[in-house]
Protein chains: 2
Amino acid sequence: MTTKKRITLREVAEAVGVHVSTVSRALGPNTRHLINSDVVEQVIRASRQMDYRRHAAAYSLKTNRTKTVGVIVPDITNAIFPPMIRGIEDSLSTAGYLAIVGNTDGDNERERTLLDTLVGRGIDGLILASVERKDDVFDLAASESIPIVTVNRRPDRDSVHSIVHDESEGVRRALTHLVSLGHRRIAMIAGPQTLSTGAERYAAFVQSRSSLNLDSDESLVAFAQAYNESAGEHCVEELIAAGHTFTAILCANDRLAVGALAALSRRNLICPKDVSVTGYNDMPMVDRIDPPLTTIRIQQYRMGFEAGSMLQKLMNGESPAQVVVLPVELVIRSSTARVLDGR
Amino acid sequence: MTTKKRITLREVAEAVGVHVSTVSRALGPNTRHLINSDVVEQVIRASRQMDYRRHAAAYSLKTNRTKTVGVIVPDITNAIFPPMIRGIEDSLSTAGYLAIVGNTDGDNERERTLLDTLVGRGIDGLILASVERKDDVFDLAASESIPIVTVNRRPDRDSVHSIVHDESEGVRRALTHLVSLGHRRIAMIAGPQTLSTGAERYAAFVQSRSSLNLDSDESLVAFAQAYNESAGEHCVEELIAAGHTFTAILCANDRLAVGALAALSRRNLICPKDVSVTGYNDMPMVDRIDPPLTTIRIQQYRMGFEAGSMLQKLMNGESPAQVVVLPVELVIRSSTARVLDGR
DNA sequence: TTGTAAGCGTTATCAA
DNA sequence: TTGATAACGCTTACAA
């Protein structure tokens, strides 16, 4: 119950026997050089010993910087986000920034309120993992003219800083892999076309399919309304209902793939014997499901880390590369297999 | 690119033609009554129209309150936490509090750093979901004399405010359910005994087992080192290796149960035909696994909400009930079935 | 009912 | 190299 009193600059100054401003300067890495090094030494020792910690509010009031950035994710439950957040935190904390992460559950209203609270608190920067191709919240945030970086997705707009993955390459690899196993009639469960990942993966599919000379039947594509399991199930039903045959399904996302797997087994179609399935993201646990999922691995942690660094540059007034495109990797597991009968 | 300028009290005051302090009072719900209601009206209208927002740092500096609370969870990936966090946020936001949630991944060092950053920033209160029975971080936080509420778990200490569930009742229900299906030899996978939930559920098992007159063979209990799937698998191996027979396993947690299921099927034991399994928590997805898990449902959202309310009372200097114990519910699904042969 | 003024802990400008 | 001082935007005695 020892109510620790907060130590202020003034107290440190008194202890050392110098003026407050001297202490302030001695403690700031950028102003330290102005002060006699013995004094700096003394000040640092004293502040350490007295357990001085800068009063964040006072600092903010004076400098108008909070050393805080907001992070908005669509769904914290989605296992790809925690590693990403960790990456963001790790890169930001080195420079003394704190990340406040908020979760929108895809609710646009909630996202707006969240942004409002964050801006109200005064954040120095914003990382958006939730952005849609046309995004009010992004526009709103941008109009506040605080630095923004989007991760994983990007809006249909120029001059947006973002960290994304090489979507075409990912789709191309998955498709090439399937083709190398003898598949020719390959269906796709495409993601929401309102998201850049959804649109780009679909475009890449169309593109790669033709460059690989595959049957390009439009009815072999089902569009999911959301990146979740039930949308995946629904799409499989749709594909089957359309009456077309296929020996493989390329899914725009692991959760869609998980749903697809469930729907297939409900139809007594065995994966991979009857139909091969690929996912996208390599989220945690997909190596533990039945069958372990062949998927495209993205760099979750790194994506976050890079976003943090990019944002820091922006906040320092530098001009980092506008877009960083991270490479992806094909992870082959047991949900894909050689096609059985010649076709 | 319209750099919106921040509106200050002074500007609102000028617009209305009164003094800053009048505006301040008119805007504060507690001081509003001091001001002529016409003026209040005017001030509110003006501030709305000018989009005034209180400068959080200035407010904090003056009042020494940040309207911010820290929330520390062990593992955000664990699906029981997001609903809980949502509950916390919802209850706190009504009073203008912002929750900053941090994730420790069970890393004690990280937890300490996190607490440090939070305290450094000045939080008005703390919610700990990560607490162990003996917990340095809790002690540290307590020594800062900021209000703390623990959720879901509690330390072995008196005078700790917390929201927990009725663990004995939960275990009792699960066990009674199994007994009602004819099971007599029931194993337990107990959770880490360093956590209150682990210890309490184990104690309840021992207690209920004797009051139900079951075989009380100590080797029918395996202790998991952590609440995760691999620990669950490991424990099943241990139980089987011990060579004892059992027709059911009561698991201290859903993730342990998921692991147990995996291990059983690897041993070609069918659940629930050969052995019934129960979980604990009713976390998302356990109704989708194979077989859908019989489990004890805890109130994740409500737990968070109550924690938020309790903390608010504490922060207001009130004295809420020290411990709130929430009731649990048995959810019967397909992982439990009547025992086959008389035994 | 409203105004005055002090002060929260910093940083930054200016002088010394 | 250091000190004095003002200012950041707000709340809150105290006065009027």
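As the structure is a computational prediction, the values presented were derived from the model and not from experiment. A note on names: the letters A, B, ... follow the listed sequences, proteins ahead of strands, and every chain is numbered from 1.
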Worksheet item: Is the closest side-chain donor-acceptor distance between A:Ser159 and A:Gln322 under 3.5 Å?
Response: no

Fill in: Between B:Asp90 and B:Tyr301: side-chain donor-acceptor atoms closer than 3.5 Å
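Distance-only check passes for B:Asp90 and B:Tyr301.
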
Discussion item. Is there a side chain to side chain contact (heavy atoms under 4.5 Å, CB included) between B:Asn108 and B:Glu132? Walk through the geometry before answering.
Written reply: CA-CA 10 Å; B:Asn108 227 270; B:Glu132 306 191 1; 4.3 Å; yes

Worksheet item: Salt-bridged, B:Arg157 to B:Asp139, with N to O below 4.0 Å?
Response: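 Looking at B:Asp139 together with B:Arg157, the answer is yes, because their closest N to O distance falls below 4.0 Å.
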
Fill in: NZ/NE/NH1/NH2 to OD/OE distance under 4.0 Å, A:Asp116 and B:Arg53
yes

Gap between atoms [atom1] and [atom2], on [X] and [N] respectively (whole Å):
{"X": "B:Glu41", "N": "C:dT2", "atom1": "CD", "atom2": "C1'", "answer": "18 Å"}
{"X": "A:Arg32", "N": "C:dT11", "atom1": "CZ", "atom2": "P", "answer": "12 Å"}
{"X": "A:Arg65", "N": "C:dT10", "atom1": "CZ", "atom2": "P", "answer": "16 Å"}
{"X": "A:Asn64", "N": "C:dA12", "atom1": "CG", "atom2": "P", "answer": "12 Å"}
{"X": "A:Ile7", "N": "C:dC8", "atom1": "CD1", "atom2": "P", "answer": "15 Å"}
{"X": "A:Arg10", "N": "C:dT11", "atom1": "CZ", "atom2": "P", "answer": "16 Å"}
{"X": "A:Lys62", "N": "C:dG9", "atom1": "NZ", "atom2": "C1'", "answer": "11 Å"}
{"X": "A:Leu61", "N": "C:dC8", "atom1": "CG", "atom2": "C1'", "answer": "9 Å"}

Worksheet item: For the side chain of A:Thr63, counting heavy atoms from C-beta on, which of C:dT2, C:dG9, C:dT11 is nearest?
Response: C:dT11

Item to complete: With a 4.0 Å heavy-atom cut-off, tell me which residues in residues 117-125 of chain A come close to DNA chain D, sorted by residue number.
Response: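 Here the set is empty: none.
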
Worksheet entry | Sub-4.0 Å heavy-atom contacts from residues 17-28 of chain B onto DNA chain D, ordered by number | B:Ser21, B:Ser24, B:Arg25

Worksheet entry | Residues which pass salt bridge (Lys or Arg N to Asp or Glu O under 4.0 Å) with A:Arg121, listed by chain and number, not counting sequence neighbours |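 None.
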
Worksheet item: Excluding sequence neighbours, so at least two apart, what forms salt bridge (Lys or Arg N to Asp or Glu O under 4.0 Å) with A:Glu89?
Response: A:Arg86, B:Arg110

Discussion item. Nearest 0.5 angstrom please: A:Glu306 CD to A:Gln299 CD, how far?
Written reply: 8.5 Å

Worksheet entry | Gap between atom CG of B:Leu140 and atom CG of B:Asp135 - 0.5 Å precision | 9.5 Å

Worksheet item: DNA chain C: B:His33 or B:Ala58, which has the more 5' nearest nucleotide?
Response: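 Nearest nucleotide further toward 5': that of B:His33.
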
Worksheet item: Does the B:Asn316 side chain pair with the main chain of B:Glu318, one donor and one acceptor, at a distance under 3.5 Å?
Response: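 Between the backbone of B:Glu318 and the side chain of B:Asn316 there is no qualifying donor-acceptor contact (under 3.5 Å).
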
Practice prompt. Using side chain to side chain donor-acceptor pair (under 3.5 Å) as the criterion, list what pairs up with A:Tyr59, not counting sequence neighbours.
Written response: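 Testing A:Tyr59 for side chain to side chain donor-acceptor pair (under 3.5 Å), a comparison that skips the adjacent residues, returns A:Arg65.
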
Discussion item. Below 4.0 Å from chain A heavy atoms, what is the first contacting nucleotide of DNA chain D and what is the last?
Written reply: D:dT1 to D:dG9

